[in-house]
Undergrad: 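Please see the structure below; I have some questions.
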Amino acid sequence: MQPIIDLLQTIPRLNFGHYPTPIEELPRFRQLLGANAPRIFIKRDDYTGPGFGGNKVRKLEYILAKAKTDKADVAISCGGVKSNHARVTAAMCARLGLRCVLVLNQAAVMFDGLNPASLVADQMFGAEIIRVANREERIATMESETARLKAEGNNVAVVPLGGSVPLGALGFVRAVQETKAQLEALNLRVDYIFHSSSSGGTQAGIVSGLQLFGLNDVKDIGVSPDDSSESIGGEVSRIIRGVGEMLGVELNDQAIVLDDYTGEGYGIPSPTGEEALAMLARAEGIVLDPVYTAKAIAALIDWVRQGKLNKDDNVLFWHTGGQLALFYSPDAGIEGQREREKK
Ligand SMILES: Cc1ncc(COP(=O)(O)O)c(C=O)c1O
């Protein structure tokens, strides 16, 4: 383990996040789930800091450190118009004094006359925004914009979608190291980790970290907000292999990704996700996001109800942020839901 820690120290990283992010227990949420519910803890990566925090900070600390080492004068990245990744990229580039270009596609749910909060923040952080209609156009525009910036003589750092490359995943290898120390201090054993998994970097880092730091008994469960288990799982495996290559170790590249909590699709709130969001907010005063974390904790709730998790288990839910997505609704989220319930 020590050689891995030493090697990790040698890879340039920006120290922009606030670590360790807290681990808190959720006793009132547990109570809502009944007598057989496991103990449930939450890792507050919604508190990582820059650009309203979330999981992207840890990945971008490595990716943008490389951009800086490479003396880039512009970073380009992409995502949906509500993208957490794009917003945090813009914030961290602002802090670095690095020009930032974002290619953003329309989201599944859009309201005329309202700007998603993340887009407002992107602009506030000074990012140059190119809006496109869909994901296909996004890929083509990323390529043409990168070529154009290079032709203008810029040294361009291309920040991949979601920061999900092996270098970015190292942020979550470190996060496992951080979590292990916290669990040891709490004298706590964790049996399961649940979290949202989409572009794969978070899960690849966690699964790699669990192996590298001797937590092989912990079962990691990724929950998809969009694509199939097969597609996300394949991406996670690819990134894990890349992490292994970077660190010179052989890693098991298998990951569990659930795709039965996606509902109608990416960015469309699901009924079980909305239930989860309301439960956490009312029982613990913790705000989830409707796109990623609510659907992930809906899976945890379902596993408790099915008896797949029980009172002998300890479960860590990894909050990956994203709550700005709530600030874009003509009927104001949970309050709106209560209004609907009354009818
Ligand atoms: C809030 C939030 N949670 C989870 C994820 C999934 O993380 P990853 O893309 O690393 O799989 C993302 C990004 O896609 C996100 O923005």
Side-chain angles (χ1 to χ4, degrees), residues 21 42-48 50-63 77-91 104-105 107 116-118 121-122 135 159-173 175-176 193-209 220-229 231-240 242-243 255-259 261-262 266-267 269 273 276-277 286-299 317-327:
T21 54
I42 189 164
K43 172 79 171 156
R44 301 298 304 267
D45 264 15
D46 50 326
Y47 286 163
T48 52
F52 297 97
N55 60 340
K56 305 304 173 190
V57 174
R58 294 185 187 271
K59 303 187 207 177
L60 288 163
E61 283 179 325
Y62 279 104
I63 293 170
S77 198
C78 62
V81 80
K82 304 175 190 174
S83 166
N84 299 307
H85 162 74
R87 184 190 69 245
V88 176
T89 302
L104 305 178
N105 60 275
S118 278
D122 297 340
R135 289 184 177 196
V159 180
L161 181 70
S164 283
V165 286
L167 181 64
L170 291 186
F172 274 89
V173 172
V176 171
I193 295 176
F194 274 71
H195 58 86
S196 177
S197 185
S198 177
S199 61
T202 300
Q203 186 161 23
I206 292 175
V207 172
S208 304
D220 179 75
I221 314 285
V223 184
S224 165
D226 42 28
D227 296 336
S228 68
S229 300
S231 151
I232 297 178
E235 198 54 26
V236 173
S237 298
R238 190 185 61 74
I239 302 169
I240 294 174
V243 169
I256 300 169
V257 183
L258 310 178
D259 61 6
Y261 301 91
T262 307
Y266 180 70
L277 207 140
I286 291 175
V287 180
L288 300 169
D289 85 295
V291 180
Y292 298 95
T293 52
K295 289 180 180 178
I297 214 160
F317 176 72
W318 205 302
H319 194 325
T320 45
Q323 297 102 321
L324 248 64
L326 287 168
F327 300 97

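Atoms within a ligand are numbered from 1 in the order they appear, just like the ligands themselves. Treat the numbers as computed from the prediction; the structure is a model and nothing was measured. Residues: numbered from 1 along the sequence shown.
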Undergrad: Can you name the nearest heavy-atom pair linking I297 to A276, along with the distance?
TA: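 Closest heavy-atom pair between I297 and A276: CG2-CB, 3.3 Å.
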Undergrad: Just jot down the salt bridge (Lys or Arg N to Asp or Glu O under 4.0 Å) partners of D289, sequence neighbours excluded, or say none.
TA: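 Partners of D289 under the salt bridge (Lys or Arg N to Asp or Glu O under 4.0 Å) test: none.
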Undergrad: With distance as the sole criterion, is a donor-acceptor pair present between the side chains of T21 and K43 under 3.5 Å?
TA: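 Yes - a donor-acceptor pair under 3.5 Å links their side chains.
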Undergrad: Apply the side-chain hydrogen bond (donor to acceptor under 3.5 Å, both in side chains) test between N55 and each candidate in N84, T202, T48; give the one that qualifies.
TA: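 Among N84, T202, T48, the one that satisfies the side-chain hydrogen bond (donor to acceptor under 3.5 Å, both in side chains) with N55 is T202.
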Undergrad: By side-chain contact (heavy atoms from CB on, under 4.5 Å), which residues pair with S224, not counting sequence neighbours?
TA: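 Expected list: D226, I232, V257, D259, T262.
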Undergrad: Does P160 have any side-chain contact (heavy atoms from CB on, under 4.5 Å) partners at least two apart in sequence or in another chain, and if so, which?
TA: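 Only V165 meet the side-chain contact (heavy atoms from CB on, under 4.5 Å) criterion with P160.
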Undergrad: I need the contact residues for ligand 1: any residue with a non-hydrogen atom closer than 4.0 Å to the ligand, ordered by chain then number.
TA: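 The 4.0 Å shell around ligand 1 contains N55, K56, K59, N84, S164, S196, S197, S198, S199, G200, G201, T202, Y292, T320, G321, G322.
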